[in-house]
Every structure is written in C-alpha cells, then in structure tokens.
Amino acid sequence: MNRRDWMRTFGASGAAALPALGSAATLETQIVRWKLRHTWTTVMSSSEFRDNLYVNFRAGGLTGVGEGAPIVRYKENATSAQAAVESARQLVTTADPAQYAKIMSRVFERLPGEWAGKAAIDIALMDWTGQKLGVPIYRLFGLDPADAPVTTFSIGIDSPEVTRQKVKEAAPYPVLKIKVGLSSDEATVEAVRSVTAKPLRVDANEGWTDKEVAVRKIEWLAKRGVEFVEQPMPARMIEETAWVRRRVSIPLIADEACRHAADIPKLAGAFDGVNIKLDKAGGILEGYRMIQIAKALGMKTMLGCMISSSVSVTAAAHLSPLVDYADLDGNLLIANDPYQGVEVRNGKLVLPPGAGLGLRKKT
Ligand code: MG
C-alpha cells in the first residue's frame, strides 16, 4: 500500500475511514439449517441436520458474515443464539466496526452465555473489517497461510460396515479422527484399521467414566497407531484424567473441559493440549487469546469446529497457522454449504487469499 492509498484507507488522523454510522449500519440474523451428508452420531447425540445462526453486518456498502453453531451440551440453540445477537444489535450497529475488539469486550460484558451468538457477531465484524482494510483475517494477526496445518477428517460412530465405507470415502484426507466412547469402540477402530493404515486421532467425547477403563482403552488405541485421545473422561473429572495421563503413553487433549480462557490453567496437569473452538470461545479474538494462553502454559493447541458451513470453519482456519493440530472439517460434513472458503488440498488447509474471511458464494 503506498502512502496515498494508506491515507485514503486510514484517513489523515490514522483512524480507519468509516461509513456514516448509526442508521447506516445494520445487523441481520438468520437461522440456517444444514443437511448432513451422513447421520452424525457421537456419544452425545445423533442427527440428520443442524440449525446454526448466520449474522450479516452491513455498513458502507460491505457485508461481513458470521456464523455460530449453538452447542446443545451448553444449553444453547439457534433461537437462543438469535435472541442474544438481536439484543446486542444497538451496541454493534452504533459503534465503529473497525473497533471490533472493543465491541466484543462490551458484548462479553453484557451478554451472559450464548457463546455461539457471540462468535457469530465477532466473525461478522472481523470479516467486515478485513474487507474494509483489504486484507485477509490471517494478515490482521500477522500469520503466514503457508503454516496452516493438515486437518483431520472425522468419522462419526456407526456400524463397522458403514464405518469402513466412510473411511474409504475419506481417501483424500491423510489423518482421520474417529469418534468413540460407546461399548463398540474396539469394533469401530478395528473396522477403520481393516481399511487404512493412516494416522488416527480418537475423540471419546467424555465417554469413559472409569479411570482404569480409560487407561486400558487408551493403551489399546496407542498400540493401533492412535496419535492422541481427545476428552477421554467427563469434563468435571480433571483429577481422574490427570491420574490416567500419568499411566498412558499418548497425549490427551481437552475439548469439553476447555470452553473458555479461564479453564486452561487448571487443565495443564491433566491434559497435554486443548481443542479450541470459536463456538465455545465466542469468536476469533477469544480463540486467539485461548491459543496464546495454552502456548504460554506449554500445552499443545488444536483448532476444532462444530458442524458448520464454510463461514465458521474458514474463520477458525484463519487462526490455524498458529496451532499444532486442526480438526476443521465441519463444512465437509454438510450437503448445502452456501459458501466456498478454506479448502483442503492433500489434507492441508488452504486459506482463501481474499479480504476478510475471503468467502465466495457458491454458484
Ligand atoms: Mg471433541
């Protein structure tokens, strides 16, 4: 950017050139329904579709798009997320959108819970600001897209026969994430291993409540080439998980036990790393903060996602150059994604070069 362009973008005072605000800025919410390619089964639920929330923030001729996937476990749903975002409309539409960090700290102060709703606002504002400044979000954080990691592709719980079929369909993905946590764990993993020698990561989704059972299952998995196990025991069983960790040979990663930044320090002895999701954190900024806190504690970092369209998954992908592991496949599990954003090539996340999230409408 030359000096003239810089002045045009930022104005002589150094502040971003802003649209006429107030009546000019609008915030729209919409509940969107994603159809799943396969019935999705984990320990927690089984479903054919997912209802998420879209947020469109419009100002100065630009539209920032955000998405939140409400998490049932935390008593969120699309309607409650929508109501929460609507309640923040005045705050969001009368502020300077390029001051997204200030806006989000106000939203966090005023809005209890509703992390997916918060994430949708944060993503829309950062998409808008990136577009306004003409840079991709990863550049706002000073990141190199070439550092984006490989992503796992997730295989939900199913019969051995369907599991084998799903693994075959996952041929383009070099690392698989297998959901376990039911009595069929061994059969599921044997079914996967019967058709592939790829590295596996396993997510138990809090499925094992007995620490001796957890140790036995994890060591059995370790012998079958599993790299790490996510959330083996219930989130509240941190001490038991620390006991398990001292007896197993592969890393443990916290997911359900790691919702917010303040959770991370108390997980440091029980887990080797944390799975950070924008829908749990409340957006990109808070996700970034959680990654930094985990790194400061010497923990591994992973970015995960819920079942979402390319809006939410691409938002997380913009932070992925920072993390050790990525499980950003939520958009690949749905059949009616309206956007094209992050792509997976040879298993690696490829960030779109466009401004903001860099999304394109699918035609
Ligand atoms: Mg998980």
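We count ligands from 1, going down the list as the structure has it; atoms in each ligand are counted the same way.
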Side-chain donor-acceptor pair present, [X], [Y], cut-off under 3.5 Å:
{"X": "Gln340", "Y": "Ser310", "value": "no"}
{"X": "Trp34", "Y": "Asn331", "value": "no"}
{"X": "Glu212", "Y": "Trp243", "value": "no"}
{"X": "Glu256", "Y": "Asn205", "value": "yes"}

- Query: Would you find a donor on one side and an acceptor on the other, under 3.5 Å apart, between the side chain of Ser312 and the backbone of Ser309?
  - Reply: no
- Message: Looking at Tyr54, is its backbone amide N or carbonyl O close enough to the side chain of Glu67 to form a donor-acceptor pair, meaning the two atoms are under 3.5 Å apart?
- Response: no
- Total protein N, O or S atoms, the Mg ion (ligand 1), separation less than 2.8 Å: 3
